[in-house]
Amino acid sequence: MMRGRTVPAGSDPYVPKNGNAGLSVERYELELDYRLTTNRLSAVARLDVLATADLARFTLDLSRLQVASVRIDGERVAGYSQSTHKLTVTPQRSIDAGTRFRVAVEYSGAPRPRSSTWGPVGWEELADGVIVASQPSGASTWFPCNDVPSDKASYSIRVTTEAPYTVVCNGRLLSRTVRSGRATWLFEQEEPTATYLATVQIGRYQSIDAVWDGVPGRMVFPGAIRRRVESDLADVPRMMEVFQRAFGPYPFAGYAVVVTADVLEIPLEAQSLAIFGSNHLSGSGDWERLVAHELAHQWFGNAVGVSEWRHIWLNEGFACYAEWVWSEASGGPTADALAREHHAVLARAGGDIVLSDPGARDMFDDRVYKRGALTLHAVRLAVGDVLFFDIVRGWVSENRHSVVSTDDFRALVARSCATVPGMPASALDALLSVWLDAAALPPYPAATVTTSPSTTVDDNR
């Protein structure tokens, strides 16, 4: 954890070099011209910014890309300077708090990943294409931004590259035009999106459009592995159905799954899409739980984001629990059986961690994922299935396209249970404190209310 360290204003304690004081970005409009053979990016970023403090100057996150000009509301700025990961801008005159203004930045260079505690993050070349995986601190590798999870914005992303390649970005594809052997793709992401969830994927891909329980879907993949992809994504319509019943309506206009030709270490989520390596969709269904996990992130982590990275269990614990919900609904082991199994594994391996503040180095540790899911299961056992899934759907509907904290979850549980006889809020708060705030792994929780999982998941939409 970050105890004893001074954290710059505007930053997140887990990524203290990211974030910028005194401003919030409401919209990004990105025009990217990318040459695959030379890894050359020429770009213009237009940011609609709200000043949250008086600004004699301000900074944005931008890593190793060279700025050619900066304008504010069409006017050249008094000056700007760059360090490795920051762009500092001095306007012609101080900007008052509460003022909305537009910053236009022209920049170029060879984008590459940024080093982090968790490995390289951001824009990365594939063998024949591009993947952008920015979680948690890599968005600055391809556009100037306020790279903290609490600052969500809408996006327009226009990408021009060689015509034989397919481009996938967040949101709806509005147009594709071809001129002189180069194609321009335009995407619009209207829903508020954290910077780490903005993405560009480029490859020699085929695509198949689908409808998954009423949600427009798209599968994008190398043609050579089409059968494997279709086989391993065959259950997505049913997953979508189960999750919409359990968690509420799907929160975006559509959902895309991109499969790279390259082998990837792990799948990853982005706003309205998920990315898998060719090793993850092998045609055998071995990675089914992670197909469910990445889909669930559209509700937990994407629509409902975290206000700070220390609350990441709210992303990963819910997504992990969704794996168990899917297993239960699809005829596999029940959530209770999986919870017992993983509790035993954590107990043997040493599951001690402070879930509500695990520290930056451990924020992606498997203990956060599994203990987060176990915390949710403990609440389910305490309140019963009907109230538990009411709480989950309420969590999504109340916080849709917003950001949350662990205390927000505690408050919702307390409110939801306040009118239930024999279910004192103090007892539930004590239960949550044991799971969230104490390092030691609690004993496996006992059920206090009879459960009926299949009925709850299938009959409450």
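Position 1 is the first residue of the sequence, and the numbers go up from there.
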Query raised in the report: Can you name the closest pair of heavy atoms from Pro149 and Ala194 and give their distance?
Result: O-CB, 3.9 Å
Query raised in the report: Any idea how Tyr28 and Tyr155 line up, ring-wise: parallel (<30°), tilted (30 to 60°), or perpendicular (>60°)?
Result: parallel
Return all side-chain donor-acceptor pairs below 3.5 angstrom for residues 301-308, not counting sequence neighbours, or 'none' if the list is empty.
from, atom 1, to, atom 2, distance (Å)
Asn302, ND2, Ala270, O, 3.0
Asn302, ND2, Gln298, OE1, 3.2
Ser307, OG, Val404, O, 3.1
Glu308, OE1, Arg310, NE, 2.8

**Report entry** Short side-chain to backbone donor-acceptor contact, Trp142 and Pro111, under 3.5 Å
**Finding:** no
Query raised in the report: Parallel under 30°, tilted from 30 to 60°, perpendicular over 60°: which one fits the rings of Phe187 and Trp185?
Result: parallel
Query raised in the report: Are side-chain N/O atoms of Thr117 and Arg361 paired as donor and acceptor at under 3.5 Å?
Result: no
**Report entry** CA sep, side-chain torsions, deciding dist, call: Val345, Lys370, side-chain contact (heavy atoms from CB on, under 4.5 Å)
**Finding:** CA-CA 10 Å; Val345 170; Lys370 299 304 190 294; over 6 Å; no
Report task. For residues Ala56 and Thr90, report the shortest heavy-atom separation together with the two atoms involved. Result -> O-CG2, 3.9 Å
**Report entry** Beyond-backbone contact of Asp33 with Arg182, side-chain heavy atoms, under 4.5 angstrom
**Finding:** yes
Requested in this report: Kindly indicate whether the side chain of Ser81, heavy atoms from C-beta on, has any atom under 4.5 Å from the side chain of Thr88.
Outcome: yes
Query raised in the report: In chain order, what residues pass the salt bridge (Lys or Arg N to Asp or Glu O under 4.0 Å) check against Arg172, with sequence neighbours excluded?
Result: Glu190
Query raised in the report: Is the closest side-chain donor-acceptor distance between Ser284 and Asp286 under 3.5 Å?
Result: yes
Report task. Check whether any side-chain N or O of Gln271 sits under 3.5 Å from a backbone N or O of Pro192 as a donor-acceptor pair, and report yes or no. Result -> yes
Report summary line: Closest heavy-atom pair, Ser405 versus Trp395, reported as atoms and distance to 0.1 Å, is O-CH2, 3.9 Å
Query - Expected output: side-chain Asp61 to main-chain Gly19 donor-acceptor under 3.5 Å - result: yes
Query raised in the report: Taking the side chain as C-beta and beyond, is there a heavy-atom pair between Trp212 and Met239 under 4.5 Å?
Result: no
Report task. With the side chain counted from C-beta on, respond yes when Val291 and Asp232 share a heavy-atom pair under 4.5 Å apart, and no when they do not. Result -> no
Requested in this report: Taking the side chain as every heavy atom from C-beta outward, state whether Trp287 and Phe276 have any atom pair closer than 4.5 Å.
Outcome: no
**Report entry** Between Trp118 and Gln135: side-chain donor-acceptor atoms closer than 3.5 Å
**Finding:** no
Query raised in the report: Judged by modelled atom types alone, do Ser24 and Asp151 share a side-chain donor-acceptor pair under 3.5 Å?
Result: yes
Query raised in the report: Will you find, in the side chains of Arg40 and Ser108, an N or O donor that is under 3.5 Å from an N or O acceptor?
Result: yes
Report task. Could you tell me the separation between the CE atom of Met219 and the CG atom of Leu281, rounded to the nearest 0.5 Å? Result -> 10.5 Å
Query raised in the report: Between Glu106 and Arg76, is there a salt bridge with N-O shorter than 4.0 Å?
Result: no
**Report entry** Chi angles and distances behind the ring-ring contact (aromatic ring centres under 6.0 Å, His included) call for Trp309, Tyr196
**Finding:** CA-CA 12 Å; Trp309 283 116; Tyr196 82 92; 4.8 Å; yes
Report summary line: Applying salt bridge (Lys or Arg N to Asp or Glu O under 4.0 Å) to Asp362 and not counting sequence neighbours gives Arg367
Query raised in the report: If every non-hydrogen atom of Thr334 is compared with every non-hydrogen atom of Glu328, which pair is closest and at what distance?
Result: CB-OE2, 3.7 Å
Query - Test item: side-chain donor near acceptor, Asn20 and Thr59, under 3.5 Å - result: yes
Query raised in the report: Is it the case that more than 12 heavy atoms not belonging to Lys17 sit under 6.0 Å from its NZ atom?
Result: no
Report task. For the pair Gln82 (side chain) and Leu65 (backbone), establish whether a donor and an acceptor sit closer than 3.5 Å, ignoring hydrogens and angles. Result -> yes
Query raised in the report: Any sub-3.5 Å donor-acceptor pair from Thr52's side-chain atoms to Gly22's backbone N or O?
Result: yes
Query raised in the report: Less than 4.0 Å between a side-chain N and a carboxylate O, is that true for Arg102 and Asp48?
Result: yes
Query raised in the report: When you look at Trp123 and Val200, which way does the side-chain contact (heavy atoms from CB on, under 4.5 Å) test go after all the steps?
Result: CA-CA 8 Å; Trp123 186 290; Val200 175; 4.2 Å; yes
Requested in this report: From the options Val49, Ile72, Leu23, Asp73, select the one residue that forms a side-chain contact (heavy atoms from CB on, under 4.5 Å) with Ile95.
Outcome: Ile72
Query - Step-by-step side-chain contact (heavy atoms from CB on, under 4.5 Å) determination, Ser156 to Leu186 - result: CA-CA 7 Å; Ser156 169; Leu186 176 61; 3.6 Å; yes
Query - Gap between atom CZ of Arg64 and atom OG1 of Thr84 - 0.5 Å precision - result: 6.5 Å
Report summary line: Rounding to 0.5 Å, atoms OG (Ser272) and OH (Tyr250) come to a distance of 5.5 Å
Report task. Working to the nearest 0.5 Å, report the span between OG1 of Thr184 and CZ of Arg158. Result -> 7.0 Å
Query raised in the report: Is the CZ atom of Arg228 crowded by more than 12 outside heavy atoms at less than 6.0 Å?
Result: yes
Query raised in the report: Which heavy atom of Pro267 sits nearest a heavy atom of His280, and at what distance?
Result: N-CE1, 3.4 Å
Requested in this report: Determine whether Val396 and Pro251 make a side-chain contact, defined as any pair of heavy atoms from C-beta on separated by less than 4.5 Å.
Outcome: no
**Report entry** Check: Asn18/Asp12 side-chain N/O donor and acceptor closer than 3.5 Å
**Finding:** no
Query raised in the report: Is any NZ, NE, NH1 or NH2 atom of the basic residue among Glu241 and Arg238 found under 4.0 Å from an Asp or Glu carboxylate oxygen of the other?
Result: yes
Report task. Could you tell me which residues satisfy ring pair (Phe, Tyr, Trp, His ring centres under 6.0 Å) with His297, sequence neighbours excluded, listed by chain and number? Result -> His293
Query - Salt-bridge present (Glu323, Arg289; N to O < 4.0 Å) - result: yes
Report task. Just say parallel, tilted or perpendicular for the rings of Trp313 and Phe318, cut-offs at 30° and 60°. Result -> parallel
Query raised in the report: Given side chains that start at C-beta, do those of Tyr34 and Val167 come closer than 4.5 Å, heavy atoms only?
Result: no
Query - Residues Val159, Cys169; criterion side-chain contact (heavy atoms from CB on, under 4.5 Å); working and verdict - result: CA-CA 9 Å; Val159 181; Cys169 299; 3.9 Å; yes
Requested in this report: State, to 0.1 Å, how close Leu314 and Phe300 come at their nearest heavy-atom pair, and which atoms those are.
Outcome: O-CB, 4.0 Å
Report task. Return each pair, listed once, that meets ring pair (Phe, Tyr, Trp, His ring centres under 6.0 Å) where at least one residue sits in residues 51-95; pairs must be two or more places apart or across chains. Result -> Phe58-Phe101
Query raised in the report: How far does CZ of Phe364 sit from CD1 of Ile312, to the nearest 0.5 angstrom?
Result: 4.0 Å
**Report entry** ring pair (Phe, Tyr, Trp, His ring centres under 6.0 Å) involving Tyr321 - partner list, sequence neighbours excluded
**Finding:** Trp324, His377, Phe388
Query raised in the report: Does Ser327 reach the main-chain N or O of Pro333 with its side chain, forming a donor-acceptor pair under 3.5 Å?
Result: yes
**Report entry** Flag side-chain contact, heavy atom, 4.5 Å: Met363 against Val368
**Finding:** no
Query - Spacing of Thr161 atom OG1 and Leu36 atom CG [to the nearest 0.5 Å] - result: 4.0 Å
